[in-house]
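First listed ligand is number 1; within each ligand, the first listed atom is number 1. Just so it is clear, the structure is predicted and the values come from calculations on it, not from any experiment.
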Amino acid sequence: MIEFQDVSYGYGGRELLTEMSLSLPPGSFHFLTGPSGAGKTTFLKLCYRELQASAGRVTLFGQNTREMGRDEVAQLRRRIGVVHQDCQFLDHLSLAENVALPLTVADRPRMDQDLADLLAWVGLSDQARSLPRELSGGERQRAALARAVIMSPEVILADEPTGNVDWDMSLRLLQLLIELNRMGKTVVIATHDLHLIRQSKAQVQARVLRISNRRIQQAGVDL
Ligand SMILES: Nc1ncnc2c1ncn2[C@@H]1O[C@H](COP(=O)(O)OP(=O)(O)OP(=O)(O)O)[C@@H](O)[C@H]1O
């Protein structure tokens with residue numbers, strides 16, 4: 001589903017990630033760890049073709065990303081839901097409108113019942129009409145997750161989805177991501193939180209990728 005072959009990437013001529021080769025099969029569940037600044041967000045950006053590899057080949061859904069035109073990239077993005085680290089929303093739109101925004105942008109009809117079901121799933125039915133500034137950190141994170149999955153993507157990439165929330169909320173978010181995986185979605189979660197990774201082990205067959213010294217490796221199970 002997502003394949004990297006000898007992929008390198010750098011900013012401003014300085015190499016950050018070197019010769020990464022890996023394959024994320026459909027339906028897999030991966031954590032991505034590594035120190036701050038190691039390149040986790042950069043790696044995720046390569047996975048949804050926000051960035052292009054400086055060298056090597058990234059293949060998404062069987063297609064070489066280097067050969068994709070603008071329309072193909074747009075189609076690709078609909079198959080990948082991204083929960084961004086900073087979860088930004090449009091301030092003047094309600095939570096429900098923000099969550100439904102990808103449908104509007106893609107010119108797809110908005111099914112009110114589906115939206116209501118999605119908000120109920122993330123526990124935000126009561127906040128549907130709230131403005132983003134009225135939401136707590138945990139509510140924002142759950143809204144960002146709902147927005148990432150509203151197009152029914154096959155892959156979910158979550159960048160520190162439990163940053164700035166307490167442990168109970170982290171577990172709740174993890175639970176939602178595990179549920180998505182049980183529905184067959186491929187999930188990648190970038191996180192610093194090793195407790196969260198340990199916590200997941202009883203429930204999901206998670207693999208751990210670690211970026212260290214510019215390289216990505218499968219980490220051992222005993223974190
Ligand atoms: N657009 C950019 N231009 C130049 N350098 C960048 C850019 N984006 C990121 N970097 C640098 O690349 C390095 C990796 O950044 P990245 O955000 O991928 O790391 P990260 O592992 O996700 O970090 P964190 O855990 O702190 O979020 C950092 O040193 C960062 O300053």
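- Atom 1 (N) of ligand 1 has Tyr11 CE2, 3.7 Å as its closest protein atom, hydrogens excluded (heavy atom only).
- Scanning all protein heavy atoms for the shortest distance to atom 17 (O) of ligand 1 gives Thr41 CB, 3.5 Å.
- Scanning all protein heavy atoms for the shortest distance to atom 27 (O) of ligand 1 gives Gln85 NE2, 3.2 Å.
- Within 6.0 Å of CG on Asn213 lie no more than 12 heavy atoms contributed by other residues, nucleotides or ligands.
- Interatomic distance, CZ of Phe43 versus CD1 of Ile211, reported as 6.5 Å (0.5 Å rounding).
- In this structure, a donor-acceptor pair under 3.5 Å is present between the side chains of Asp117 and Gln113.
- Where the criterion is an N or O separation shorter than 3.5 Å, residue side chain and backbone included, His192 meets it with respect to ligand 1.
- By heavy-atom distance, the residue among Gly37, Ala190, Gly163 lying nearest atom 23 (O) of ligand 1 is Gly37.
- Counting all heavy atoms, side chain and backbone alike, Leu177 lies closest to Val187 at O-CG2, 3.9 Å.
- Protein heavy atoms all stay at least 4.0 Å away from atom 30 (C) of ligand 1.
- Of the protein's non-hydrogen atoms, the one nearest atom 16 (P) of ligand 1 is Thr42 OG1, 3.7 Å.
- When the options Ser36, Ala38, Gly39, Pro35 are ranked by their closest heavy atom to atom 26 (O) of ligand 1, first place goes to Ser36.
- When non-hydrogen atoms are compared, ligand 1 lies under 4.0 Å from the side chain of Leu16 (C-beta onward) but not from its backbone.
- You'll find the side chain of Arg49 stays beyond 4.5 Å of the side chain of Gln63, heavy atoms only.
- For atom 25 (O) of ligand 1, the closest heavy atom belonging to the protein is Lys40 NZ, 2.8 Å.
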Distance-only criterion, 3.5 Å: show the donor-acceptor pairs between side-chain atoms of residues 133-146 and protein atoms not counting sequence neighbours.
{"from": "Glu134", "atom 1": "OE1", "to": "Leu131", "atom 2": "N", "distance (Å)": "2.8"}
{"from": "Ser136", "atom 1": "OG", "to": "Glu139", "atom 2": "N", "distance (Å)": "3.2"}
{"from": "Ser136", "atom 1": "OG", "to": "Glu139", "atom 2": "OE1", "distance (Å)": "3.4"}
{"from": "Glu139", "atom 1": "OE1", "to": "Ser136", "atom 2": "N", "distance (Å)": "2.8"}
{"from": "Glu139", "atom 1": "OE2", "to": "Gln127", "atom 2": "NE2", "distance (Å)": "3.1"}
{"from": "Arg140", "atom 1": "NH1", "to": "Pro132", "atom 2": "O", "distance (Å)": "3.3"}
{"from": "Arg140", "atom 1": "NH2", "to": "Cys87", "atom 2": "O", "distance (Å)": "3.2"}
{"from": "Gln141", "atom 1": "NE2", "to": "Pro161", "atom 2": "O", "distance (Å)": "3.3"}
{"from": "Gln141", "atom 1": "NE2", "to": "Gly163", "atom 2": "O", "distance (Å)": "2.8"}
{"from": "Arg142", "atom 1": "NE", "to": "Gly138", "atom 2": "O", "distance (Å)": "3.3"}
{"from": "Arg142", "atom 1": "NH1", "to": "Val122", "atom 2": "O", "distance (Å)": "2.9"}
{"from": "Arg142", "atom 1": "NH1", "to": "Gly123", "atom 2": "O", "distance (Å)": "3.4"}

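- Residues meeting the side chain to side chain contact (heavy atoms under 4.5 Å, CB included) test with Glu15, sequence neighbours left out: Ser8, Thr18, Arg214.
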